[in-house]
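Here the structure is laid out as structure tokens; the discussion comes afterwards.
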Amino acid sequence: MIYRKFQNISLSGLGLGMMRLPVVNGDDSVVDEAAAAEMIDYAYNNGINYFDTAWGYHNGNSELVAGKLLSRYPRESFYLASKFPGYDNSNMPKVKEIFEEQLKKCQTPYFDFYLFHNVYEGNIDDYLNPEFGIFDYLMEQKKNGRIKHLGFSAHGSVDVIKRFLAAYGEHMEFCQLQVNYMDWHFQEAEVKVKLMQEAGIPVWIMEPLRGGKLVRLPKDAKDVLAASGKGYSPAELGLRWLWNQSEVTCVLSGMNSIEMLEENMRIA
């Protein structure tokens with residue numbers, strides 16, 4: 001496992017995203033806990049120390065599974081991340097209620113990493129609206145030790161991210177962006193990464209394989225990859241490309257099988 005320094009801690013270069021855990025009968029709201037436990041055990045015992053969940057993953061059940069399965073390990077031996085669900089604007093007045101419930105669901109007294117979830121055009125005005133008190137409340141939780149590191153994730157445009165940084169950037173310790181070799185230009189990921197670099201904010205990666213699309217390549221793309229002589233699988237190409245970007249601290253992958261986890265960990 002490769003590790004990257006973040007402040008005074010060492011994070012695994014591969015983090016386990018808990019948005020696409022194995023499920024029962026194709027029902028995203030019903031996590032296969034036995035299969036998830038096998039994956040988390042394997043990840044934890046083989047060097048992954050970063051686990052990423054969120055309020056809305058698996059229809060609200062990802063945090064419950066994270067709490068149940070990760071509570072089997074010493075709390076100080078791993079890093080847990082969750083997020084305030086501002087992707088749903090109706091949640092904006094409920095930051096205290098939601099945060100307290102998240103701690104209970106995750107069976108933890110604190111989050112190592114906590115994010116404003118999905119800053120984009122549809123919620124930037126609400127995120128910046130002081131009437132909701134989201135920023136003030138989260139900063140208070142950080143002061144009280146219930147959030148160790150505060151950051152944000154973003155799917156919005158460069159201009160939206162600039163607005164967020166202008167308001168809160170000096171207090172953001174990390175940023176989670178959708179970056180992969182396709183979105184490097186397609187969604188201006190390169191520009192966004194450079195923006196974070198200029199702001200001195202480390203970058204976490206989500207959708208490194210674009211939800212599996214960069215694994216299921218068309219034949220002509222597979223032929224190019226095969227002709228390279230590297231012997232890389234499509235997944236290995238995508239992950240190696242990201243880890244070769246000096247700005248990248250942690251790559252989060254939403255792995256839904258033990259086989260996928262084993263392959264990604266081998267690459268890492």
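All heavy atoms count here, side chains included; hydrogens, waters and symmetry mates do not. Heads up: numbering here begins at 1 and tracks the sequence.
- The neighbour count for Lys94 NZ, taken as heavy atoms of other residues, nucleotides or ligands under 6.0 Å away, is above 12.
- A side-chain contact (heavy atoms from CB on, under 4.5 Å) with Tyr127 is found for exactly one of Phe152, Phe135, Phe84, Phe132, namely Phe84.
- With Ser62 as reference, Met18 is the one residue of Lys105, Met19, Arg20, Met18 to meet the side-chain contact (heavy atoms from CB on, under 4.5 Å) rule.
- Looking at His58, its side chain never comes within 3.5 Å of a backbone N or O of Ser29 through a donor-acceptor pair.
- For Gln7, the CD atom is densely surrounded, since the number of other residues' heavy atoms within 6.0 Å is greater than 12.
- With salt bridges taken as basic N to acidic carboxylate O contacts below 4.0 Å, none links Glu247 and Arg4.
- Cluster annotation: Tyr87 and Tyr137 are assigned to the same hydrophobic cluster (Ile/Leu/Val/Met/Phe/Trp/Tyr, side-chain heavy-atom contacts under 4.5 Å, transitive).
- With contacts defined as side-chain heavy-atom distances shorter than 4.5 Å, the pair Met196/Leu177 qualifies.
- No hydrogens or angles considered: a donor-acceptor pair under 3.5 Å links the side chains of Gln102 and Tyr114.
- Proximity of Asp112 to Leu80: side-chain heavy atoms (C-beta onward) are separated by under 4.5 Å at one or more points.
- No salt bridge links Lys83 with Glu63; every basic N to acidic carboxylate O contact stays at or beyond 4.0 Å.
- Atom NZ of Lys142 sits in a crowded spot, with more than 12 heavy atoms from other residues, nucleotides or ligands closer than 6.0 Å.
- Taking the centre and axis of the six-membered ring of Phe78, the NZ or CZ atom of Arg75 falls inside the cone set by 45° and 6.0 Å.
- The closest side-chain donor-acceptor pair between Ser77 and Tyr44 falls under 3.5 angstrom.
- Between Lys194 and Glu190 a salt bridge is recorded (basic side-chain N to carboxylate O distance below 4.0 Å).
- Ring geometry, Phe111 versus Phe99: the interplanar angle exceeds 60°, so the pair is classed perpendicular (tilted spans 30 to 60°).
- Aromatic ring centroids of Phe116 and Phe164 lie under 6.0 Å apart.
- Between Asp159 and Arg163, none of the side-chain N atoms (NZ, or NE/NH1/NH2) sits under 4.0 Å from a carboxylate O, so this pair counts as no salt bridge.
- Between the side chains of Asn180 and Asp183, at least one donor N or O lies within less than 3.5 Å of an accepting N or O.
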